[in-house]
Number of protein chains: 2
Amino acid sequence: MKVKRTPTDTAIIEAAFEVFSANPGASLGDVAERAGVGRATLHRHYRSRDTLIVVLMKQALAELDDAVDRATAGAASYTDMLRLALGAMVPLAERQLFLANEQVDRDPEIAAAFHDGRKTLIATIEAARAEGTFAADIPATWIATTFDTLVYAAWTQVRDGEATHRQATDLAWRTLTRGLAGDAP
Amino acid sequence: MKVKRTPTDTAIIEAAFEVFSANPGASLGDVAERAGVGRATLHRHYRSRDTLIVVLMKQALAELDDAVDRATAGAASYTDMLRLALGAMVPLAERQLFLANEQVDRDPEIAAAFHDGRKTLIATIEAARAEGTFAADIPATWIATTFDTLVYAAWTQVRDGEATHRQATDLAWRTLTRGLAGDAP
DNA sequence: CTCAGATGATACATCTTTGTCTCATGAAGG
DNA sequence: CCTTCATGAGACAAAGATGTATCATCTGAG
């Protein structure tokens, strides 16, 4: 399922991420300019605006999957897997945010991938709960939502220069695990 | 500083919140239709698109201030104040999200109000920390960011029918306070 | 009833964006 | 040297959004 990309392809994709993250309503002219490419060339590579957006969404999903898979390869437990995934997701949060702001259901393949990702997250959370990481009385959906929002929180912290990637990741993990731990009064 | 609003005014404002929340790039024609008024009438009330957006942003800020002020009027402590504010903010999260998606610096007054709100939150967090609610070694900016994102998380939980407002608020508060508490191993 | 004010509908000019097409250029490879 | 291919630049038509202006209608106050 790999897609070959020329340097021009990737320049356009990268520029589009940057421009659309800052302003989702930006024009294709803005994207082309950022990519250092003529507007006609952009259209030669991606027929329409919709085409480009769908490619961006698939790219963001693929990057996320890839980063998480690589980071969690050596996980010692489901809990560890969550911790490693969190760290891997923080630098990609901006593109995830881009994904979230677009209508996920533009493309059925993307909607399915999105749904799958959530299901996997929930399953991992349940497995980590069995390891004693999370309290029994907390809905898995809440844990999953908290996980996602803490990834975003950590990313903003790094973006604003308030913490390093390592510090922000540790804070998010601490907040998640202590906040939703099983013991406590 | 109160602004009088005719029923038509408020119908347009409400419609604009709904439409722009779903699709920030929607046209004024969409807004007018949702409000049940002619497009010309919309322009009679709000000269331009920018004018309307600025009014929406001020409105969202005012609603937030108002709700938080009313909810925290009888707070017994700074910690309690945060808890009550959290509950009050959850139902307004969608409009806060709208605010966050717009460029806050379109209007200096809005930028100032935004900055003020953050400063107040940080101050309240420090006061709550002095009450023993938060650990000494956690940056106040992280606590504030976590607070904001947990408000959003609680709102999505309610929106998706996964919890009642009360349940979601309790979960968010539990996550925040246990996650960032002062004792712990 | 009468009149002022608000509205809906509509037409209109303008602007921006989009997508297509053409043509000249320039680089790479045979 | 010659051919091929991607590109940049620009012209172009079509579509959509924006903001203004006009006119007929309706409603409520006096």
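Note on naming: letters A, B, ... go to the chains in the order of the sequence lines (proteins, then strands), and numbering restarts at 1 for each one.
Look at CG on D9(B): it is 13 Å from C1' on dT7(C), rounded to the nearest Å. Spacing between atom CG of L52(A) and atom C1' of dT17(C) amounts to 15 Å, rounded to whole angstrom units.
Other residues sharing the hydrophobic cluster of Y46(B), ordered by chain and number and joined by side-chain separations under 4.5 Å: I12(B), I13(B), F17(B), V19(B), F20(B), L28(B), V31(B), V37(B), L42(B), L52(B), I53(B), V54(B), V55(B), L56(B), M57(B), L61(B), F98(B), L99(B), V104(B), I110(B), F114(B). Side-chain heavy-atom separations under 4.5 angstrom define the hydrophobic clusters, and the remaining members of the one that includes M81(A) are Y78(A).
Screening I122(B), L121(B), L82(B), I125(B) for a side chain to side chain contact (heavy atoms under 4.5 Å, CB included) involving I143(B) leaves a single residue, I125(B).
The side-chain hydrogen bond (donor to acceptor under 3.5 Å, both in side chains) contacts involving residues 16-25 of chain B comprise E18(B)-R34(B), where partners must be two or more places apart or lie in separate chains. Residue pairs meeting the salt bridge (Lys or Arg N to Asp or Glu O under 4.0 Å) criterion with at least one partner in residues 80-100 of chain B, sequence neighbours excluded, are E14(B)-R95(B), E63(B)-R95(B), D80(B)-R83(B). Every pair passing salt bridge (Lys or Arg N to Asp or Glu O under 4.0 Å) that includes a residue from residues 126-155 of chain B is listed here, sequence neighbours excluded: R174(A)-D137(B), R118(B)-D148(B), E126(B)-R129(B).
Take H115(A) and apply the side-chain contact (heavy atoms from CB on, under 4.5 Å) test, not counting sequence neighbours, and it matches K119(A). A search for side-chain contact (heavy atoms from CB on, under 4.5 Å) contacts involving T169(B) returns L86(B), V90(B), H165(B), not counting sequence neighbours. Residues satisfying the side-chain hydrogen bond (donor to acceptor under 3.5 Å, both in side chains) criterion with R166(A), sequence neighbours excluded, are D170(A). Taking the side-chain contact (heavy atoms from CB on, under 4.5 Å) definition, one finds that T120(A) meets it with T124(A), sequence neighbours left out.
Protein chain B contacts DNA chain D from dA17(D) to dT22(D), reading 5' to 3' and using non-hydrogen atoms of the protein with a distance under 4.0 Å.
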Under 3.5 Å between N/O atoms: give me all the protein pairs with nucleotides 27-30 of chain C, atom names plus distance.
none

Please write out each protein N/O paired with an N/O of nucleotides 18-22 of chain C under 3.5 Å, distance rounded to 0.1 Å.
residue: dT18(C); atom: OP1; partner: R49(A); partner atom: NH1; Å: 2.4
residue: dT18(C); atom: OP2; partner: L28(A); partner atom: N; Å: 2.9
residue: dG19(C); atom: OP2; partner: R49(A); partner atom: N; Å: 3.0
residue: dG19(C); atom: N7; partner: R39(A); partner atom: NH1; Å: 3.0
residue: dG19(C); atom: O6; partner: R39(A); partner atom: NH2; Å: 2.7
residue: dT22(C); atom: O4; partner: R44(A); partner atom: NH2; Å: 3.4

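Taking 4.0 angstrom as the limit, T41(B) places a side-chain polar atom (N or O) nearer than this to OP1 or OP2 of dG8(C).
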